[in-house]
Amino acid sequence: MHVSPRDTTVDAFATARANALPARSGDPAGATRQEIATGIEFELVTQRSAFDALEADWTALYEADAPAGQPFQGFAFCWHWANNFLDETGGKPGRTTLSVLTGRRDGRLVLVWPMVRVTHNGLASLRFLGDPVCEYGDVLLASSEPALPLLRAAWTRLARHARVDFIALPNVREDAVIAPFLAEIGAIVTKQDKAPYMDLSRAKDFAAYAERYSRRTRSNRRRKRDRLAAEGSFREEMVHDGPVCRARAVEIIGLKRKWLQHKGIMSRALSDPRTTTFFADLAEGKDGKYAGCRIFSMHIDDKLVAAELTLVNKSRLVNHVLVYDIDHDRNSPGQLLTEDSLARCFTDGIERYDLMGPADAYKMDWADGVVAVDDYAVPTSLLGRAFVSIYLGFGRERLKKIVRNLPEGVRRHLASYGATLLPMI
C-alpha cells in the first residue's frame with residue numbers, strides 16, 4: 001500500500017523533536033518529558049459543542065495567567081471568531097475546522113493551544129485560531145506548570161494527530177509563552193517584524209509624557225487641531241459594548257476599506273466580508289461575550305473622521321484598527337486622535353499602548369520601543385517543506401514588495417479585487 005509523505009512525516013518529526021528531548025535546567029529535578037506529562041490529560045477539541053463547553057475553564061485560565069497585552073487568546077475573542085470564520089459545513093475551498101488542544105491536571109485546565117486546521121488549494125495546515133484577525137499568536141498556560149516540558153508533550157500530541165503539510169505559527173511575540181519552545185525545536189522563521197509601543201508608565205501624567213515631543217511638533221499638532229475643529233462641530237467619543245459600539249465598528253471597517261483602496265493596499269482580512277461582522281460582534285460583546293473592546297472616535301458634524309478600535313487587557317491597550325478619513329488628510333486626524341487617546345490612557349490606568357506591527361514610520365514617530373514579532377512554520381510533509389521554503393520563506397514577501405512598488409493607479413486597481421489575487425496564507 002502506498003503511504004504518502006503526509007502520513008509518515010508528522011509522527012517522525014514529532015517523535016524526533018519531542019520524545020527524544022532530555023530533561024533541561026527548567027524541568028523538575030530528574031524529570032523526563034514522559035514523566036512531566038504524567039498527570040496531564042490532553043484532549044483535541046474538534047467539535048463546536050466541545051469548544052463552547054470550555055468557556056468557564058478557559059476564561060478562568062485566561063484571567064489568571066494570560067500575559068498582559070495578549071487579548072487574542074481570550075475565550076470571548078476566539079468565540080466571536082468561531083462564529084464568523086469557522087466552516088462547519090465542510091466540502092468547500094478554504095475549509096477551516098477546530099483543532100484546539102487542551103491539557104488538564106487533576107481536572108483543572110492548565111493548557112489551551114488554540115489552533116484550526118485549514119485546507120486550501122490542496123495544502124493542509126494547522127495555524128493559530130483567529131487568522132486573519134488575530135494579531136498575536138500564543139498558547140495559554142498556567143503559571144504553575146513547567147512551560148517547556150508541557151509544551152513538548154503537547155506538541156507531540158498536536159503534531160501526531162494533525163495530518164497536515166505544515167504548521168503555521170504567525171505573529172509570535174518575542175515575549176510569548178510559546179517563543180522559547182519554537183526556538184528549541186528549530187521552527188523556521190518565515191517573516192520578521194516589530195511591534196512599536198508607548199511605555200506610559202514612564203511619566204506621571206500625559207503633560208509630563210508629552211514633553212518627549214519637540215515644541216515644534218506640539219505646536220504643529222495644535223494648529224492642525226484648530227483647523228480641524230474649524231470645519232464644523234467637533235467632538236470625540238468613547239464607547240464600549242452594546243449596539244452603539246457595534247454600529248461604530250461597522251463604520252470603522254468601512255472607512256478602513258476606503259482608506260486601503262485609496263492607498264492601493266491589499267488586505268486579506270479587510271477584503272473578507274466576514275471581518276465586518278466579526279468586529280461588530282466583538283465590539284458589541286454579542287451574547288455577553290466581552291473581550292475588552294472599546295472604540296475612541298473623532299467626529300465633525302456627526303461625520304466620522306478618525307477612530308481606533310482597541311482591546312484592553314491587564315493595563316495594556318492594543319490598537320487593533322486605526323483609521324482616518326482620507327478627505328481630512330492635511331490635518332492629520334489620526335495623529336490627533338492618537339494623542340488624545342494617550343491622554344485618556346493615563347486617566348484609565350493604561351500603562352502600555354501597543355501599536356502592533358508592522359513597524360511603519362508613523363508608528364516609530366510615537367514609539368518608546370519595539371517588540372520583535374515573527375512568523376514561524378514547521379513543515380510536516382515533503383510538499384509542506386517545499387511550500388514553506390519556496391513561498392513562505394522566500395516568495396511571499398517578494399511578491400508583496402513587487403505589488404508595493406507598482407504605480408499607485410495600478411495598486412488601486414488591484415486592491416479593488418481584494419486579497420483574492422494573493423494566496424490565502
Side-chain angles (χ1 to χ4, degrees), residues 69 71-72 131-137 170-175 189-200 209 212-214 217 220-221 224 252-253 255-271 275 279 296-298 305-311 316-342 345 352-375 396-408 410-412 414-415 418-419 422:
F72 304 104
D131 179 72
V133 293
C134 171
E135 292 295 334
Y136 294 140
N171 300 324
V172 176
R173 292 169 54 98
E174 63 180 315
D175 55 1
V189 177
T190 60
K191 178 185 174 184
Q192 293 181 301
D193 203 349
K194 295 177 181 179
Y197 65 87
M198 286 88 92
D199 184 2
L200 308 185
Y209 184 80
R212 65 199 296 274
Y213 304 115
S214 69
T217 296
N220 187 39
R221 288 177 188 162
K224 290 181 176 181
I252 287 172
I253 299 303
L255 189 60
K256 188 70 174 182
R257 287 197 178 108
K258 174 185 173 183
W259 188 91
L260 291 170
Q261 175 67 35
H262 179 84
K263 296 289 185 178
I265 299 173
M266 286 186 284
S267 167
R268 181 163 64 90
L270 272 299
S271 68
T275 297
F279 278 115
F296 185 46
S297 55
M298 179 183 291
V305 296
E308 60 173 22
L309 187 154
T310 64
L311 298 171
R316 294 193 179 186
L317 181 148
V318 178
N319 190 325
H320 203 343
V321 182
L322 174 64
V323 65
Y324 66 89
D325 190 335
I326 200 71
D327 294 339
H328 296 273
D329 194 21
R330 66 184 291 268
N331 290 324
S332 305
Q335 289 186 13
L336 301 179
L337 184 83
T338 299
E339 184 176 61
D340 294 346
S341 179
L342 288 172
C345 284
R352 179 172 289 196
Y353 184 108
D354 186 350
L355 287 165
M356 302 195 303
D360 294 323
Y362 81 90
K363 295 181 182 180
M364 296 306 298
D365 287 342
W366 290 95
D368 293 313
V370 296
V371 174
V373 182
D374 296 336
D375 287 4
R396 179 176 59 176
E397 291 307 307
R398 283 160 180 79
L399 179 60
K400 290 180 179 179
K401 184 177 180 179
I402 290 171
V403 172
R404 285 195 299 267
N405 289 334
L406 290 172
E408 186 173 291
V410 177
R411 285 190 285 110
R412 287 181 183 176
L414 292 177
L422 297 175

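- Listed by chain and number, the residues in a side-chain contact (heavy atoms from CB on, under 4.5 Å) with Glu308 are Phe296, Thr310, Asn319, Leu322, Leu337, Ser341, Tyr353 (sequence neighbours excluded).
- For Asp354, the side chain to side chain donor-acceptor pair (under 3.5 Å) partners two or more places apart in sequence, or in a different chain, are Tyr136, Arg173.
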Exercise. Test Val370 against Met364 for side-chain contact (heavy atoms from CB on, under 4.5 Å), laying out the working first.
Key: CA-CA 9 Å; Val370 296; Met364 296 306 298; 3.7 Å; yes
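- For the atom pair CE of Met356 and CG of Leu311, the computed distance is 8.0 Å after rounding to the nearest 0.5 Å.
- The two residues Leu255 and Tyr324 come nearest to each other via the heavy atoms CD2-C, 4.1 Å.
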With a 3.5 Å cut-off and sequence neighbours excluded, list the donor-acceptor pairs that the side chains of residues 193-200 form with protein atoms.
unit_1, atom_1, unit_2, atom_2, d
Asp199, OD1, Ser201, N, 3.2
Asp199, OD1, Ser201, OG, 2.5

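- In this view, Asp374 satisfies the salt bridge (Lys or Arg N to Asp or Glu O under 4.0 Å) rule with no residue, not counting sequence neighbours.
- In this structure, Val318 and Glu135 have side chains that are not in contact, with every pair of non-hydrogen atoms separated by 4.5 Å or more.
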Quiz prompt | Worked verdict on Lys258 versus Asp327 for side-chain contact (heavy atoms from CB on, under 4.5 Å) | solution = CA-CA 11 Å; Lys258 174 185 173 183; Asp327 294 339; 3.5 Å; yes
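- Scanning all heavy atoms of the two residues, the minimum distance from Trp259 to Val323 falls at CB-CG2, 4.2 Å.
- By the ring-ring contact (aromatic ring centres under 6.0 Å, His included) test, Tyr362 is found to be paired with no residue, residues two or more places apart in sequence or in another chain being considered.
- Here Arg352 pairs with nothing under the salt bridge (Lys or Arg N to Asp or Glu O under 4.0 Å) rule; sequence neighbours left out.
- Contact annotation: the side chain of Val172 never approaches that of Asp375 to less than 4.5 Å [non-hydrogen atoms, C-beta and beyond].
- Not counting sequence neighbours, His328 has no partner by the ring-ring contact (aromatic ring centres under 6.0 Å, His included) test.
- Contacts classified as salt bridge (Lys or Arg N to Asp or Glu O under 4.0 Å) and involving residues 356-373 (residues at least two apart or in different chains) are given here: Arg202-Asp368, Arg212-Asp368.
- Nearest approach of Leu317 to Cys345, heavy atoms of both residues: CD1-SG, 4.0 Å.
- The side chain to side chain donor-acceptor pair (under 3.5 Å) check on Arg221 picks up Glu339, with sequence neighbours excluded.
- Considering only heavy atoms from C-beta on, Thr338 comes within 4.5 Å of Trp366 through its side chain.
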Exercise. Could you check Leu342 against Tyr209 for side-chain contact (heavy atoms from CB on, under 4.5 Å), going step by step and ending with a plain yes or no?
Key: CA-CA 9 Å; Leu342 288 172; Tyr209 184 80; 4.3 Å; yes
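- The side chain to side chain donor-acceptor pair (under 3.5 Å) check on Ser297 picks up Arg248, His299, with sequence neighbours excluded.
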